[in-house]
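Below: the structure, in structure tokens.
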Amino acid sequence: MSGDGTATSWIRTVSRHHLFWPVVALVALWIACGIVSPGFLDIKLVDGHLFGQLVDIARNSVTYMLLALGMCLVIATGGIDLSVGAVMAIALSVSLTYIDGAANGESVSTALTAIALGLAAAAVVGAFNGFLVAGLGIQPFIATMIILVAGRGIALAFTGGQITTTHSAPFKSIGSGFVLGIPTPLVIGGVVFTLVALLVRRTALGMLLESIGINRTASQMAGVRSRNITWLVYVLCGLLAGLAGLVYGAPTMAADANNIGQLMELNAIMAVVIGGTKLDGGKFSLAGTIVGALILTTLDRAVIIFHLPSESKDLFKAIVVIAICIAGSERLRGQLGLRRVPQVPGPPTSPNKPVEVAA
Amino acid sequence: MTAQTLSEKLPTTPPTAPRASDRWWHRLLDRRFLPVAGTVATLILLLVGGQLRYSTDDRSFISMRLFSNLFIDNSYLLVLAIGMTFVIISGGIDLSVGGVVALVGLVIAKLLENGAPLPFVLVVGVLVGTTMGALIGVMVQYFRIQPFIASLAGLFLARGLANLLGKTAIAIKDEGFASLASWKLKFGERPDIWYINLSMIIAFVVLLIAVYLLHYTRFGRTVYGLGSGDGGQAAGLMGLKPGATKMWVYVISGTCAGIGGLLFAFYTKSGYNLSGVGMELDAIASVVIGGAVLTGGAGFVLGTFAGVSVYGLILVICNREGLEIWWNRILIGAILLGFVLLQRVLVARRR
């Protein structure tokens, strides 16, 4: 990165970069898939539209990506949002129920209103989470679990317990259309990523998020309005989850509130963790999160390419997560001499605590 | 209270001692029993409401029949929630139990299909849960992975393995298993016949063992110590073993999930890779409704028992009201919210 000149220091800089291992894993997966299925890496232009396995993977990864971006910001503040899967279901149910009831489902204005309503519902849920976490000071894990439990019930209440299926070409196009030959979800994902990246990296917001994640009290004392920012982050996460729900459900146009977004919160968290963001908060990587989302989608696809039973992808993911967590654990790094471990017996403690007790 | 006060004013000890214990009781009421008091109040409210609304002249809502049905339908959940109680009091969480239930059910179904002897199958089924728990425990304790992530990996692992074993529901046709599943004691006269079945007995035995373990042993003390906010440091300084205990807590939860999987297999007489989706949430909700504080350090096994009863009663009442299924989840979410807010108020008061 810094361009020291000598090759070794360059390699060292690159291999120490937080994106190094995730990118290596992604490229290795792609190469493995390319060897097993020769056409895998081809990208073709058919009728002015991009086609190919990699394009498919990128398109499918947009759902994970949108969820994971919001989750990443929440995790940066030291929180977690378990409700994203349920929010996906709520947003899609609201949108499709509106289209179903509208006089002319095919009109663009109906589709736009439906999208706005779906996103508004998602933002309301996000605001509720934010209120519990920032307003009342409830642990994020617990606060967002309430929507995780109740959210699908709410979504089902919107659809009346049915799987609402409807038709609307403009709405469908956000999931399966093309803009200038590029799949629309990919465009949406790109725009959202750019906006979020600009918002957190070109303003002070990202730094403030990290400061809240490191020490909420200290950042508050330093004049960071941590309460408002935390609230904002949960609304943003809800909004992105809602968008993910719309993009995910648009190709099928079916609001199956029981199944859409099932276990998605876990996938989103996994994408963030694979991307090198620590769950403790205080540090985050948006680019890493994108790579994480791509890895997850590639894993989904790799299972098919390697002719493994399609149901084994959960096992696959479990092994990947366990491997990554153990590889990143302080104890293993300590034993391999990669990082010094504070020599404290028993559970993890900050170094100053034993002193406190002894005094 | 202290030796000093006693030696200085020995004659005045009798009047001061009760007052001191008075205050002690007050504090106890505030800190530990209030959430459980909320649970009991909810339970009574549901029972009285149900009694007023659903009782007819010749049949009362509150009856042995109600409770019998309640625990026939929820015995597996009770066992899961008991295991979860240990984990939550220790300040952790176990998200894997739903997956373990599915895995255990399929293992039992597959083994019986291939003609393995029944006692062996039952033991293996429970041990599958124990193994999953031990795995999560190792990740949490040895590798210091957050419980939440470690048990999440456990959930995916269990579901992935279950998916590999079979993608369709496998009916359990073994006669010995069927007779165990349908064995029950009959009580009472028509129309108020009620039953005690094997699942209930197992669940109550687990309950008794858990009460003993958590409230009357050194191990139980350590579990509370782990959840007290210092990561078990105080417990460690007192000569307890927080490290090993942290590991054991997950083994217990896994074992309970194994037993829960067995009871669920009794209940459904089949193994299915998609069973138990979201069951971990039901278990966590029951524990929280039962008054355990999710940050750890406070809660009771009997509170969890009351929490599972509340959970079951809500389902019964939704059913009686003819409400659509989705109201179950919304109502349970609302009650969960209520208890989380109650806990929040209590924690705020403590500070």
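Here is the naming used below: chain letters follow the sequence lines, and residue numbers restart at 1 for every chain. Values below: all heavy atoms of this structure, side chains included; hydrogens, waters and symmetry mates excluded.
For the options B/L341, B/L336, B/L337, heavy-atom pairs under 4.5 Å to chain A are most numerous at B/L337. Across A/I269, A/I147, A/I138, the residue that shares the most heavy-atom pairs under 4.5 angstrom with chain B is A/I138.
The shortest side-chain heavy-atom distance between B/W327 and A/L156 does not fall under the 4.5 Å cut-off. The closest side-chain heavy-atom distance from B/F156 to A/N267 is below 4.5 Å.
Closest non-hydrogen pair, B/G333 versus A/A150, comes out as CA-CB, 3.9 Å. Counting all heavy atoms, side chain and backbone alike, A/A157 lies closest to B/I330 at CB-CD1, 4.4 Å. Nearest heavy-atom pair across A/M145 and B/L281 is CG-CD2, 4.0 Å.
The structure places CD of B/Q146 at 7.5 Å from CD1 of A/I80, a figure rounded to the nearest 0.5 Å.
Contact of A/L132 with chain B is made through the side chain alone, with heavy-atom distances under 4.5 Å. Using a 4.5 Å cut-off between heavy atoms, B/L331 does not touch chain A at all. No part of A/F158 comes within reach of chain B, as not one of its non-hydrogen atoms sits under 4.5 angstrom from that chain.
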